[in-house]
Amino acid sequence: MAKKKSSGILDSISDFLEDAFKGATQGEPDVPAGGAPEPVTRRVSLIIHNPRVPGANNERLNKVLAWNDPRPLLKGYMDDLRECSRGYVNYDIVERHTVDGFPRKADGFVYTADAFVDAWRKRQGFHQPDAVDYDALIEEFDMIAKVNSGAVDEFWLFAFPYAGYYESIMGGPGAFWCNAPPLTQTAHAARRFVIMGFNYQRGVGEMLENFGHRAESIMKYAFREKRGNDNLWERFFRHEFKNPGQAEVGWMHYAPNSERDYDWGNKRQVLSRWRTWQNFPDLRGEAQMVDCNDWGNGDIRLHHKWWFNLLPHINGAADGIAYNWWKYIVDPNTVTW
Amino acid sequence: MNNSAVRWIIIIALALVLGLLLWWLLGARDVGAPGETDTPDNTTQCPQATPEFFTVEPVTSPTSELTQVITVDLGNGEAITVTTESGVFTAPFDTFPKEIEITLLPNTTHNLTVEGKVREVQQGDCTYGGYTLTTTTDRNGAPLQIVTGD
């Protein structure tokens with residue numbers, strides 16, 4: 001079962017103390033496992049920076065450089081997350097802005113379209129520091145007011161390479177690391193929110209990876225009080241390279257048998273218990289020999305979908321943590337403070 | 001037992017409880033979690049990055065030519081290597097995209113493996129790149145296979 005009591009005197013005392021303080025540190029009452037959670041809909045404000053390029057007949061940047069149309073990417077991303085969460089995660093784009101310009105960098109620099117295209121073609125001359133001015137975006141798109149009114153739950157920025165976006169970043173009261181340092185200047189907002197940063201040069205697989213790193217950050221935080229075997233998140237992301245002989249599912253960059261980052265096509269066989277996560281919270285079962293055939297033979301999108309499919313997604317709770325991890329990942333306000 | 005002994009027992013017990021509480025709260029363990037960089041103090045958090053883009057244009061097959069140009073693009077690239085039945089071909093990634101001419105054997109099926117070495121860069125306390133991406137398919141997902149005839 002999911003809740004395995006720790007062994008050893010120190011772990012036992014830890015369990016005792018953890019149980020004693022459970023009411024103060026965690027908010028989920030124990031509920032038996034079973035059934036699918038009610039689907040949720042998250043409202044999205046979509047902001048696409050796709051400037052026109054004067055030196056290329058005023059075509060949009062993505063056309064000039066033969067990059068992707070964001071629309072099919074968005075559809076693939078939303079469809080994949082809905083599918084992998086068994087219908088739980090539904091994103092609704094309630095507003096969309098297509099901006100004919102470049103976002104301002106933190107130091108005030110703004111590209112011109114022709115200069116950016118020239119830099120891309122030479123692969124040099126990109127502005128440093130690269131980071132975008134999040135304060136300017138928050139103000140320009142009135143993000144705090146939209147979060148406070150409930151009109152928008154999260155924001156999706158979509159732009160070109162070197163836009164200076166974090167793949168995800170969190171704002172609001174008690175915001176924490178979300179693959180980026182929190183936007184502490186937004187602590188006055190009524191609730192937490194996430195700003196995603198996507199790149200239309202890339203594909204759906206990379207968008208899923210952005211979401212996956214968000215998931216890793218949030219689940220690490222959700223389990224921050226758990227130690228040893230009680231920390232199921234640490235168990236979930238074990239892989240052979242870091243935990244020899246104890247591989248489970250791995251994380252975004254490491255499949256169970258990966259030997260380096262992004263090594264999703266590795267054919268070597270290792271023992272892994274990833275299949276036991278299909279029966280969560282019953283995690284009993286022997287490790288089996290596995291290789292990249294199980295997660296798409298190196299395809300980034302297939303690996304990430306496989307990984308998301310294994311995230312716990314059912315009703316119930318134990319030890320103060322819900323059995324539906326998607327709940328925390330899509331709404332960081334559900335993570336206890 | 002005299003009062004002094006009782007007092008010492010209480011002090012020792014309190015110290016033990018306090019120590020256990022600190023151990024529980026701080027819980028120094030090697031979790032090797034995603035998002036942490038393996039620095040000596042294990043405190044640096046670095047944003048995790050997606051791999052650089054890496055694409056190979058479709059190859060021409062079948063062909064009677066005994067050379068072919070392979071077109072590869074790679075984000076922040078350092079070097080490209082093509083390995084196939086006719087040999088190993090390596091070149092610096094110095095044009096965008098990079099065109100590498102490879103030689104082919106007659107009457108042979110060539111299965112290409114293309115590797116792209118990503119340049120290592122330092123951003124503050126965080127290091128990115130320095131890895132090698134590998135593919136055996138073109139940008140459309142088709143195998144990089146070239147069949148030569150007479």
Side-chain angles (χ1 to χ4, degrees), chain A residues 10 13-14 16-18 21 120-123 128-130 161 166-169 177-181 199 201-203 205-210 212-213 215-217 219-220 224-228 231 233-234 237-239 241-243 250-254 260-265 297-300, chain B residues 16-36 38 44-55 57 73-78 93-98 113 116 118-119 121 123-124 126-137 139-141 143:
Chain A
L10 289 179
I13 295 170
S14 168
F16 169 77
L17 291 170
E18 195 172 305
F21 286 97
W120 178 259
R121 288 185 169 142
K122 292 176 181 164
R123 302 289 170 88
Q128 289 296 336
D130 185 47
Y166 284 109
E167 295 181 5
S168 63
I169 191 167
W177 179 271
C178 188
N179 202 24
N199 175 355
Q201 183 213 13
R202 312 304 298 277
E206 285 80 4
M207 294 176 75
L208 293 175
E209 182 153 329
N210 299 161
H213 290 318
E216 290 160 359
S217 296
M219 292 318 301
K220 180 181 177 184
R224 68 193 181 282
E225 305 289 350
K226 302 298 179 192
R227 299 289 182 270
N231 193 318
W233 166 242
E234 288 185 358
F237 72 68
R238 282 185 208 150
H239 53 89
F241 185 75
K242 190 82 179 178
N243 306 94
W251 57 289
M252 281 290 102
H253 289 188
Y254 278 79
R260 57 187 181 277
D261 287 272
Y262 320 120
D263 183 23
W264 306 302
N297 289 307
D299 183 286
I300 180 172
Chain B
L16 188 64
V17 168
L18 192 64
L20 285 169
L21 259 175
L22 279 173
W23 169 81
W24 177 69
L25 288 170
L26 299 176
R29 293 156 302 128
D30 177 22
V31 294
E36 283 177 355
D38 289 331
T44 301
Q45 273 192 303
C46 295
Q48 297 291 339
T50 51
E52 292 287 352
F53 70 94
F54 181 44
T55 56
E57 295 302 315
D73 208 350
L74 172 64
N76 205 21
E78 186 172 329
F93 189 76
D94 51 6
T95 58
F96 322 108
K98 179 68 180 180
T113 298
V118 175
R119 193 180 307 281
V121 293
Q123 290 183 8
C126 302
T127 304
Y128 294 98
Y131 53 84
T132 298
L133 298 171
T134 303
T135 188
T136 55
T137 59
R139 63 157 59 240
N140 303 313

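Everything numeric in this text was worked out from a predicted model, so none of it was measured. Numbered from 1 within each chain, the chains take letters A, B, ... in sequence-line order.
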Taking only residues two or more places apart in sequence or in another chain, which ones pass side-chain hydrogen bond (donor to acceptor under 3.5 Å, both in side chains) with B/Thr137?
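Expected list: B/Thr135.
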
Single hit among A/Tyr262, A/Phe241, A/Trp264 for ring-ring contact (aromatic ring centres under 6.0 Å, His included) with A/His253
A/Tyr262

Sort B/Tyr131 into side chain, backbone, both or neither according to what part of it lies under 4.5 angstrom from a heavy atom of chain A.
side chain

Part of B/Asp73 within contact of chain A (heavy atom distance under 4.5 Å)
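Side chain only.
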
Looking only at A/Glu206, A/Arg202, A/Glu167, the option with the highest number of non-hydrogen pairs under 4.5 Å against chain B is A/Arg202

Run the ring-ring contact (aromatic ring centres under 6.0 Å, His included) test against B/Tyr128 and tell me which residues pass, sequence neighbours left out.
none

Is it the backbone or the side chain of A/Gln128 that comes under 4.5 Å from a heavy atom of chain B, or both, or neither?
neither

Region of A/Arg121 that comes under 4.5 Å of a non-hydrogen atom in chain B:
backbone

If you round to the nearest 0.5 Å, how far is CD of A/Glu209 from CD1 of A/Ile300?
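Answer for the CD1-CD pair, A/Ile300 versus A/Glu209, is 4.5 Å.
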
Verdict with reasoning, B/Phe96 to A/Lys122, per side chain to side chain contact (heavy atoms under 4.5 Å, CB included):
CA-CA 7 Å; B/Phe96 322 108; A/Lys122 292 176 181 164; 5.6 Å; no

